[in-house]
Structure formats: C-alpha cells, structure tokens
Q: 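The structure that follows is given in the form of structure tokens.
Throughout, a chain's letter reflects where its sequence line sits, starting with A, and its residues are numbered from 1. These numbers were taken from a predicted model, which means no experiment stands behind them.
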There are 2 protein chains.
Amino acid sequence: MISLTAAREPPVYGQDMHSRSPASRTGRPRSATADAAILAATREALVELGWSKLTLGDVATRAGVAKTTLYRRWAGKNELVVDAVAELFDELELPDSGSLAADIEGVVLQFATILARPEAKSGLMAVVAEATRDDALRERIRASVVDRQKRLVLEGRSRAQVRGELPPEPDPATASRTADLIFDMVAGAVVHRTLVSGEPVDEAWVRGFTLVLLRGLAGGAAHTAAD
Amino acid sequence: MISLTAAREPPVYGQDMHSRSPASRTGRPRSATADAAILAATREALVELGWSKLTLGDVATRAGVAKTTLYRRWAGKNELVVDAVAELFDELELPDSGSLAADIEGVVLQFATILARPEAKSGLMAVVAEATRDDALRERIRASVVDRQKRLVLEGRSRAQVRGELPPEPDPATASRTADLIFDMVAGAVVHRTLVSGEPVDEAWVRGFTLVLLRGLAGGAAHTAAD
DNA sequence: GCATTACGCTACGTCTCGTAGCGAAAGCCC
DNA sequence: GGGCTTTCGCTACGAGACGTAGCGTAATGC
C-alpha cells in the first residue's frame with residue numbers, strides 16, 4: 001500500500017490555471033460558472049469580513065458550491081484571493097490622451113479607483129504579506145497582477161519618447177532599470193497613500209504627484225508638460 | 001448576578017499602552033521583562049512562521065509566559081504584532097550629512113534595511129491589510145510606526161530649505177500637502193520595491209531614486225544636488 | 001454503454017481561539 | 001507582620017475552522 005489514491009496528482013490550480021491543456025480531455029468538465037461564482041463570492045466575503053475572518057466554508061456557501069469543490073481547485077486561501085483580486089485589474093488600460101502628463105494622470109486615477117475598493121485593499125495587501133514567505137505565491141501575484149500594471153508603464157514611456165517628452169534610453173539595461181524605478185514610484189506612492197496614509201487619491205493629489213515625477217524624469221532640459 | 005468579576009474593565013493595552021497613569025497604583029505590577037520577552041518572541045515567530053501561521057499560544061510558549069497573560073495585555077494578534085514591529089523602527093534617525101541628497105539616501109537606506117527583515121515584511125503588511133477594516137488599528141499603526149517616519153521628512157525638508165536646496169513653502173497648507181506627497185513617494189517606493197517587486201533596495205537604486213525625486217521637487221531652477 | 005472526471009454531501013480528527021476559574025506570588029499601605 | 005490588590009501560571013472548556021476521506025450522482029468523450 002504505497003500509493004493508493006494519489007496515483008496522479010489532483011490538478012489543483014497551483015501553477016497552470018485555466019490551462020490543463022494536455023491530458024484529461026475526458027470526463028465531466030469543470031463548471032465555468034462555478035469559477036466565476038466562487039471568485040465573486042470571495043470578493044464579497046472580503047468586503048464584509050476582511051482577510052482574517054474570511055473562511056473558505058463561508059465562500060463556498062455564498063457561491064452555492066460545496067466546500068470540497070473549492071479545495072479541488074485552489075490550494076488555499078492565498079491562491080484563491082489572488083485570483084479573485086486579480087480580476088479587478090482587468091479593466092486597467094492606458095488612455096491615449098496626447099500628452100504624457102495626461103496619460104500618467106489617467107492611469108494613476110484608474111489604478112487608485114480600483115485600489116480604493118475594500119476587497120482590493122484588504123485582499124491585495126494580505127496576500128502580498130503572505131508572499132514574503134512563499135515564492136510560488138509571489139510569482140502568482142507577479143504574473144496575474146503586477147505585470148499587467150507594469151506593461152502600462154513601458155507602453156506609456158515608449159509613447160512619450162516618440163513624442164519627445166522623455167529622452168530616449170542609452171542602452172537596454174538602464175532602460176529596464178528606470179522602468180522598474182518608475183513603476184515602483186508610481187504604484188508605491190498610490191498604494192502607500194491609499195493604504196498606509198489612508199487618504200484619498202483625488203485629482204489634486206494626482207496632479208501634484210505627476211508634476212514631481214515628470215520633472216524628475218525629464219532631466220534638466222525637457223518639457224515639463226504641465227499646463 | 002449581573003456583574004461579578006467584570007466590575008472594572010481589565011486594562012487591556014488597547015489604547016493607552018505604557019500609561020495606565022491614574023488608578024491601579026496598588027497590587028502586583030506587571031512584569032516589564034515579560035513585555036520585552038513577548039514582543040521578541042512575536043518577532044521570532046513572525047520570522048519562522050509568518051503572519052497567518054502565527055498563533056498566540058505559540059508566542060506565549062516562546063516567551064515563557066502563560067497564554068492568558070498575553071490576552072490580559074493585548075486585545076489580539078493585530079495589536080500585538082503592531083507593537084512588536086514598531087520597535088524595529090526605533091533606530092530610525094536623520095543623518096546630518098550636509099546635503100539633501102545624502103540625507104535622503106541615508107534615510108532611505110536605513111528604512112530599507114529595516115524593511116528587509118522578514119519580521120518587518122510579513123508583519124507590517126499584514127497589519128496594514130487588517131487596518132483597512134479597523135480604524136483603531138490604523139490609528140495605532142499611524143502613531144507608533146508611520147509618524148516616526150514622517151517626522152524625518154519634515155525635519156529633512158526644513159534643513160534643506162535653510163541650506164537653499166529646496167524652495168520655501170508659500171503657505172502652511174501647501175507645505176503640509178507636499179510633505180504628505182513626499183512621504184508617500186519615499187516610503188511607497190521603498191515598500192513597493194521591497195515587497196511587491198521583491199528586489200533589493202541597494203545603493204544604486206537609492207541613488208537613482210533620489211535623483212528623480214530631487215529633480216522633481218526642486219522645480220525648474222535649483223541645485224539638483226547630485227555630485 | 002463505458003470509462004473518466006467533477007460535483008454535492010456528510011462526517012471526522014485536529015488545531016486554534018478566547019475565556020473562566022483557581023491558588024499562588026508580588027507589590028503597596030497600615 | 002497582616003491585609004489588600006493586582007498579576008501570574010496553570011488547567012480546562014466549548015466553539016469554530018481546517019483540510020481530508022468516502023460515497024453516490026451528474027456530465028462529458030469514445
């Protein structure tokens with residue numbers, strides 16, 4: 001009696017969610033509506049209860065599925081909440097408003113709006129905290145949340161360079177480094193103001209922030225792009 | 001049999017830690033060494049177990065006290081961890097290095113060094129996440145952690161204005177707003193790079209960050225204060 | 001129809017929580 | 001020293017969540 005039931009690992013959503021491409025094309029398929037219901041129920045529970053008081057049994061009840069179904073798809077609370085929160089950032093997109101300053105202000109406001117929702121606040125920070133001790137979770141967050149935001153930075157900078165609002169990068173290495181820097185400054189400032197300072201990210205704040213950031217990035221000689 | 005033992009509320013460390021100034025000057029005093037042992041044990045457990053797997057029973061065992069003693073002093077896990085983490089930031093101080101750039105770089109490196117410790121990472125972010133649904137907890141964090149950092153920003157700016165590295169503020173209202181902005185940008189960027197991006201805050205990064213920030217703050221005409 | 005997989009349901013042992021009650025210890029004040 | 005007050009360590013407890021196992025049933029592909 002070495003291995004009895006665990007002959008093949010149960011396909012938990014650990015690494016390859018929504019793929020399970022090869023194999024297992026037979027049998028009853030997983031309900032897609034159940035997926036959506038579970039993630040929606042998770043966000044709802046996150047709003048009402050917060051991270052620490054959220055239980056998987058409660059989520060299952062809200063979603064109208066059995067608790068065991070939850071455990072068949074997600075390894076635990078962390079992974080479930082990451083997926084539930086990640087969906088909130090689907091709507092993020094870069095507006096093409098003509099000037100770099102307006103582009104930044106638009107994206108920051110979008111980001112802040114999403115982050116202002118209670119399910120994003122309590123859920124996202126909690127999983128980030130857990131990710132400090134779980135590399136797989138960190139990677140999951142990076143892939144489904146962070147990279148989606150980061151792409152906007154790269155695209156926005158590229159546009160600005162074409163328009164001459166930002167100097168071109170001398171080499172790819174520094175280009176990558178400054179992109180990381182910009183990303184941490186933008187996302188960090190918004191997150192910190194929203195969660196730690198507890199103050200709203202309104203238009204006035206965004207304008208002031210964008211002004212400082214653009215002055216800093218443009219270097220000595222460049223358009224500050226403020227009216 | 002209305003109220004038997006709970007005639008007077010037990011003095012839990014909810015609001016006024018280390019004070020309980022009037023009343024109760026009689027009786028056996030609380031062990032101060034127990035306090036230190038508990039907070040140290042909390043940090044130790046935070047390193048080994050992380051936030052979610054940390055239990056108060058385990059902390060009590062590590063500290064060599066009874067579990068009930070813990071509950072007599074702190075209302076719960078949140079409050080305990082806030083106090084345990086707050087002690088880490090005691091060593092923060094503003095270096096007087098002569099130039100604003102060097103001052104900022106010094107403070108940022110100090111802050112990053114503290115934040116790089118695993119007990120700070122997992123503990124601080126977790127309580128911030130919980131604070132999104134608990135105003136008292138948010139206030140506790142602000143008083144014991146955030147304000148201590150913020151004071152450095154105010155002091156550093158004041159020095160820089162005396163030295164002429166930053167323009168003076170036109171009125172107190174905008175002075176306060178820009179101080180908040182600077183604080184969110186500095187702390188936010190460091191926290192985001194450390195926790196979300198998962199990259200180290202080394203000297204090279206700090207130099208780049210400081211350069212962008214100072215250019216942005218100094219406005220069009222001012223010393224960029226780079227070497 | 002048959003094999004395969006997902007589903008709902010129930011039940012279970014384990015762990016943590018937060019509290020209650022007790023006797024003993026450690027301080028003040030007379 | 002004797003009394004008063006508060007804290008301490010210890011034990012025990014019900015409540016609740018965890019994560020899993022087992023079963024019968026439902027939904028697909030071949």
Side-chain angles (χ1 to χ4, degrees), chain A residues 1 3-14 17-18 20-38 41-42 45 49-81, chain B residues 1 3-14 18 20-38 41-42 45 49-81 130:
Chain A
M1 47 203 230
S3 72
L4 197 67
T5 59
R8 182 172 41 238
E9 264 188 39
V12 170
Y13 273 61
M17 180 183 181
H18 292 307
R20 66 185 167 110
S21 32
S24 101
R25 188 164 287 280
T26 174
R28 175 176 175 175
R30 284 186 173 171
S31 163
T33 54
D35 252 59
I38 291 171
T42 303
L49 306 171
W51 164 266
S52 59
K53 293 183 180 175
L54 180 148
T55 70
L56 295 196
D58 182 62
V59 170
T61 304
R62 289 171 190 264
V65 302
K67 190 174 60 165
T68 45
T69 299
L70 262 171
Y71 281 101
R72 289 189 187 105
R73 305 193 182 194
W74 284 276
K77 197 162 139 178
N78 292 336
E79 290 76 11
L80 174 63
V81 171
Chain B
M1 48 199 223
S3 71
L4 196 67
T5 59
R8 184 171 41 239
E9 263 190 40
V12 171
Y13 273 62
H18 293 304
R20 64 185 168 109
S21 32
S24 103
R25 186 164 290 277
T26 175
R28 176 176 175 174
R30 284 188 174 170
S31 162
T33 53
D35 252 58
I38 291 171
T42 303
L49 306 172
W51 164 265
S52 60
K53 294 184 180 174
L54 181 150
T55 70
L56 295 196
D58 182 62
V59 170
T61 304
R62 289 171 189 265
V65 302
K67 191 174 63 165
T68 44
T69 299
L70 261 171
Y71 281 101
R72 288 190 189 104
R73 304 192 182 196
W74 284 276
K77 197 160 138 178
N78 293 336
E79 290 76 11
L80 173 63
V81 170
E130 289 300 312

Q: Can you tell which of dT20(D), dT7(D), dG27(C) lies closest to the side chain of Thr26(B)?
A: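 From the listed options, dG27(C) comes nearest.
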Q: To the nearest angstrom, how far is Asp35(A) atom CG from dA6(C) atom P?
A: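 One finds 12 Å between P of dA6(C) and CG of Asp35(A), rounded.
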Q: Rounded to whole Å, please give me the gap between CG in Leu70(A) and C1' in dC18(D).
A: 13 Å
Q: If you check every side-chain atom of Arg30(A), which of dG8(C), dC8(D), dA6(C) has the closest atom?
A: dA6(C)
Q: Between atom NZ in Lys77(A) and atom P in dG16(D), what is the gap in whole Å?
A: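 After rounding, the gap between these two atoms is 17 Å.
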Q: Is there a donor-acceptor pair closer than 3.5 Å between any side-chain N or O of Thr42(A) and the backbone N or O of Ile38(A)?
A: yes
Q: Hey, does the side chain of Lys77(A) reach the backbone of Trp51(A) with a donor-acceptor pair shorter than 3.5 angstrom?
A: yes
Q: So if I take every side-chain heavy atom of Pro29(B) and compare against dA17(D), dC17(C), dG27(C), which nucleotide ends up nearest?
A: dG27(C)
Q: Rounding to a whole Å, what distance do you find between Ile38(B):CD1 and dT7(D):P?
A: 13 Å
Q: Can you say whether a donor on the side chain of Arg72(A) sits under 3.5 Å from an acceptor on the base of dG8(C), or the other way round?
A: yes
Q: Between Thr55(B) and Ala66(A), which is nearer to the 5' end of DNA chain C once each is assigned its nearest nucleotide?
A: Ala66(A)
Q: Could you check which of dC8(D), dC9(C), dT20(D) has an atom nearest any side-chain atom of Lys67(A)?
A: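 For the Lys67(A) side chain, the nearest candidate turns out to be dT20(D).
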Q: Return the OG1 to CZ distance between Thr69(B) and Arg30(B), rounded to the nearest 0.5 Å.
A: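 Interatomic distance, Thr69(B) OG1 to Arg30(B) CZ, rounded to 0.5 Å: 9.0 Å.
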Q: Closest to the Leu56(A) side chain: dC18(D), dG9(D), dT16(C)?
A: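 Closest nucleotide to the Leu56(A) side chain: dC18(D).
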Q: How many Å lie between OH on Tyr71(A) and P on dA17(D), as a whole number?
A: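 From Tyr71(A) OH to dA17(D) P: 11 Å.
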Q: Under 3.5 Å, is there any donor-acceptor pair linking the side chain of Arg28(B) to the base of dT6(D)?
A: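 Such a pair does not exist between side chain and base.
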Q: How close do Gly57(A) and Lys67(A) get, heavy atom to heavy atom, and via which atoms?
A: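 Gly57(A) and Lys67(A) have their closest heavy atoms at CA-CD, 3.9 Å.
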Q: Want to settle it: does Thr68(B) or Gly27(B) sit nearer the 5' end of DNA chain C, counting the closest nucleotide to each?
A: Thr68(B)
Q: Could you report the tightest heavy-atom contact between Asp58(B) and Arg62(B), atom names first, then the distance?
A: OD2-NE, 2.7 Å
Q: Using whole Å, report how far NZ of Lys53(A) lies from C1' of dC17(C).
A: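 The distance from NZ of Lys53(A) to C1' of dC17(C) comes to 12 Å, rounded to the nearest Å.
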Q: Find the distance Asp58(A):CG to dC18(D):C1' and express it as a whole number of Å.
A: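 Those two atoms, CG and C1', are 14 Å apart.
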